[in-house]
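By convention in this document, chain letters (A, B, ...) are assigned in the order of the sequence lines, proteins followed by strands, and residues within each chain are numbered from 1.
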Amino acid sequence: MNTLHLYNTLNKTLEPFTSIAPKHVGIYVCGPTVYGPPHLGHVRGPIVFDVLRRYLILQGYKVRFVRNITDVGHLVGDADEGEDKLAKQAKVEQLEPMEVAQTYTDAYNSVMDRINVMKPSIEPRATGHIIEQIEMIQTIIEKGLAYEVNGSVYFDVMAYSQQSHYGVLSGRVLEDLQAGAGNQSRSLEGQDEKRNPNDFALWKRASAEHIMQWSSPWGKGFPGWHIECSAMSARYLGEHFDIHGGGMDLLFPHHECEIAQSTAAHDRAPAKYWIHHNMITINGQKMAKSLGNGIMVEQLFKGEHPLLSQAFGPMTLRFFVLQAHYRGTLDFSNDALLAAQKGWQRMQSAFQLVSNLPTVNEGATLDVADVFSSIVSSLNDDLNTPQAIASFFELSRRINLVNDGKETITAETKTSMQQLIQDYCKGVLGLIPEDAGAGDGLSDAMDIILSLRGQAKADKNWALSDQIRDALKEKGFEIKDGKEGTTWNKL
RNA sequence: GGUCGGAUGGCCGAGUGGCUAGGCACGGGUCUGCAAAACCCUUUACAGCGGUUCGAAUCCGCUUCCGACCUCCA
């Protein structure tokens, strides 16, 4: 494919991407609810949309990337129905809700930094946009598409569906929703206030013990579960913007409600493209607290989890995520992670060889034009990163062949190789070499150790040289003796 | 129950009418003090049963199994 195509959930088709405004793209991605430490499920979406953003930037677009922090709302399931998730956690920990939110926002962002996800252009918080949300609710009420009951405001789905299609995104039909088996046992608070079971809250009246609450035209309360994204995306990207992203689990009701609210308030659909990534599984099973198979990102980085045999670095994680297409499920397992780690290391060490590759003026035996075009067309095909990575392995193979003197390249081919690595691997995929100890003197210290070991080798003191190699390996440093000298890397 | 996805070799994971993706693991080899790396060779899979077709992992039907969502979730 010659141009970027994306699968638009709205139309269930692959569509060529064209921006609403020339050379500018607005992206809104649903961010985390910050009430717990980041787990593996938190990592996929950000990486996927980071690649999309980086690819658009490479193509010359100016991208405004908005990813919110949800620090209010969302009800707790289980026995604590109706209670605010953040408030609940706060009671447990005896902390201010905002303190909890801050702690986990920091934890989340620290993970984002480590896996090389670019910071959002704007990272708005729900609690910082109560006014915008209230104003939007008022607009919807004025249009006759929401109603107030006992200090709560509900979106009138039936009234809305008279003029617009409720269910455009999820393909859900109102009649089917009414049947809604499976959840009948869950009696939700305020259900009897609604005119119709499908109506959803825009604003909820807060009980006295509810910690997070704000004044509103309808009394003290807090915003509903979907309105924040509508209000903040409109504020920062406009009423109609390019791309809205999120996990498939948010498709219904969250995104469906967003579309309904925004359309009600602004008389137009909010986003042109809706992009949804699939979920992750652990050893083929859904990751869930009840199954006891949840893995926190920190546990992965430290190797501290019963399902993991060792620690896996941030780039291994990123590489692993990109080795699967974003719309398929991604299965985490120790074996799969080990495979990803090995593959990523091999690719990395090949890439390190490029700058020293010899070139010839004529009679070169290979080039990389085909690799270049296949990487570009893979990315254009709905961000097919696994295919792009396969091509990067082909590039690695060719680099190694040239390095071994079995094939030759021109200087132009070498430049192409460098461009591919710089612009596409580092730039778009965001896969950067994990530099072990740059700037902290580790590299210098290692040079000293390795030169001493080189001396031992020259003396044929194999016992000593092997001892040094083994000891370093135990500490996570791998030593490789090549023809051009000894190299090392951090495992 | 409703809606929507899946099932690919030992593991992960692309592809989607004819041309054995790729990674990891396994086995053999070259190289090497040994190891690692690198390179070469090797391993022909698409849940089952029917159908369409010159040809199907790819299209259609049925069956089995798995999963997601259906007002907590990334």
Interatomic distance at C1', B:rU52 relative to B:rC59, whole Å: 8 Å

Distance-minimising heavy-atom pair for A:Asp71 and A:Ala101: CB-CB, 3.8 Å

Same-atom distance (P) from B:rC39 to B:rC66, integer angstrom: 42 Å

Test of ring centre spacing under 6.0 Å for A:Tyr273 and A:His244: no

Stems where RNA chain B pairs, listed by first number, each of three or more Watson-Crick or G-U pairs under 3.5 Å: B:1-7 with B:64-70, B:10-12 with B:22-24, B:27-30 with B:38-41, B:47-51 with B:59-63

Considering all heavy atoms, the nearest A:Ala340-A:Gln323 contact: CB-OE1, 3.9 Å

Atom-to-atom span, CG of A:Asp466 to C1' of B:rU32 - whole angstrom: 12 Å

Distance flag, aromatic centroids of A:Phe155 and A:Tyr160, threshold under 6.0 Å: yes

Separation between the P atoms of B:rG29 and B:rG17, rounded to whole Å: 42 Å

Interatomic distance where CE belongs to A:Met248 and C1' belongs to B:rG6 [whole Å]: 11 Å

C1' spacing across the pair B:rU20 / B:rU63, given as an integer number of angstrom: 30 Å

Side chain to side chain donor-acceptor pair (under 3.5 Å) between A:Thr70 and A:Glu228, intermediate numbers included: CA-CA 8 Å; A:Thr70 297; A:Glu228 56 168 290; 3.1 Å; yes

Nucleotide-resolved protein contact map, nucleotides 8-14 of chain B, B/S/- at heavy-atom distance under 4.0 Å: ---SSSS

Interatomic distance at P, B:rC41 relative to B:rG22, whole Å: 12 Å

Rounded distance [0.5 Å steps], CD in A:Glu123 versus OG1 in A:Thr105: 7.0 Å

Phosphate OP1/OP2 of B:rA37 contacted by A:Arg346 side-chain N/O (<4.0 Å): no

5′-ward residue of the pair A:Asn400/A:Ser170 relative to RNA chain B: A:Ser170

B:rG33 OP1/OP2 closer than 4.0 Å to side-chain N/O of A:Lys457: no

Distance flag, aromatic centroids of A:His255 and A:His276, threshold under 6.0 Å: yes

A:Lys342 side-chain proximity, nearest of B:rA74, B:rA25, B:rC40: B:rA25

Sugar-phosphate, base or nothing in reach of A:Ile479, heavy atoms under 4.0 Å: base

Whole-Å P distance, B:rA47 and B:rU53: 23 Å

Interatomic distance, A:Gln352 CD vs B:rA36 P [rounded to whole Å]: 19 Å

Touch class at under 4.0 angstrom, heavy-atom based, for A:Ser465 against every strand present: base

Closest listed nucleotide, where the reference is the side chain of A:Asp481 and the choices are B:rC70, B:rA37, B:rA35: B:rA35

Between B:rC39 (C1') and A:Leu366 (CG): distance, integer Å: 14 Å

Position toward the 5' end of RNA chain B (nearest nucleotide), A:Gly246 or A:Ala390: A:Ala390

Sugar-phosphate, base or nothing in reach of A:Leu401, heavy atoms under 4.0 Å: sugar-phosphate

Pairwise C1' distance, B:rG15 and B:rA57 [rounded to whole Å]: 9 Å

Per-pair stack call A:Phe393 and B:rG22, 5.5 Å, 30°: no

Touch class at under 4.0 angstrom, heavy-atom based, for A:Gly41 against every strand present: base

Among B:rG33, B:rA38, B:rA74, the one nearest A:Asp404 by side-chain distance: B:rA38

Spacing of A:Glu394 atom CD relative to B:rC39 atom C1', expressed in whole Å: 13 Å

Geometric class of the A:Tyr166/A:Phe200 ring pair [parallel <30°, tilted 30-60°, perpendicular >60°]: parallel

Cation-aromatic face contact A:Arg67/A:Phe49, 6.0 Å, 45 degrees: no

Rounded interatomic separation in angstrom, taking CZ from A:Arg453 and C1' from B:rG33: 11 Å

A:Arg469 side chain, from C-beta outward: closest of B:rA37, B:rA35, B:rG33: B:rA35

Side-chain N,O (A:Arg398) to OP1/OP2 (B:rC39) below 4.0 Å: no

Value in whole Å for how far the P atom of B:rA68 lies from CD1 of A:Ile282: 13 Å

Residue-phosphate contact under 4.0 Å: A:Ser391 side-chain N/O, B:rA21 OP1/OP2: no

A:Ala456 to A:Leu464 - nearest heavy-atom pair and separation: CB-CD2, 3.8 Å

Within the 6.0 Å centroid threshold, strictly below: A:Phe320 and A:Phe312: no

A:Gln310 CD to B:rC24 C1', straight-line distance once rounded to whole Å: 13 Å

Ion pair A:Arg398/A:Asp370, N-O distance below 4.0 Å: yes

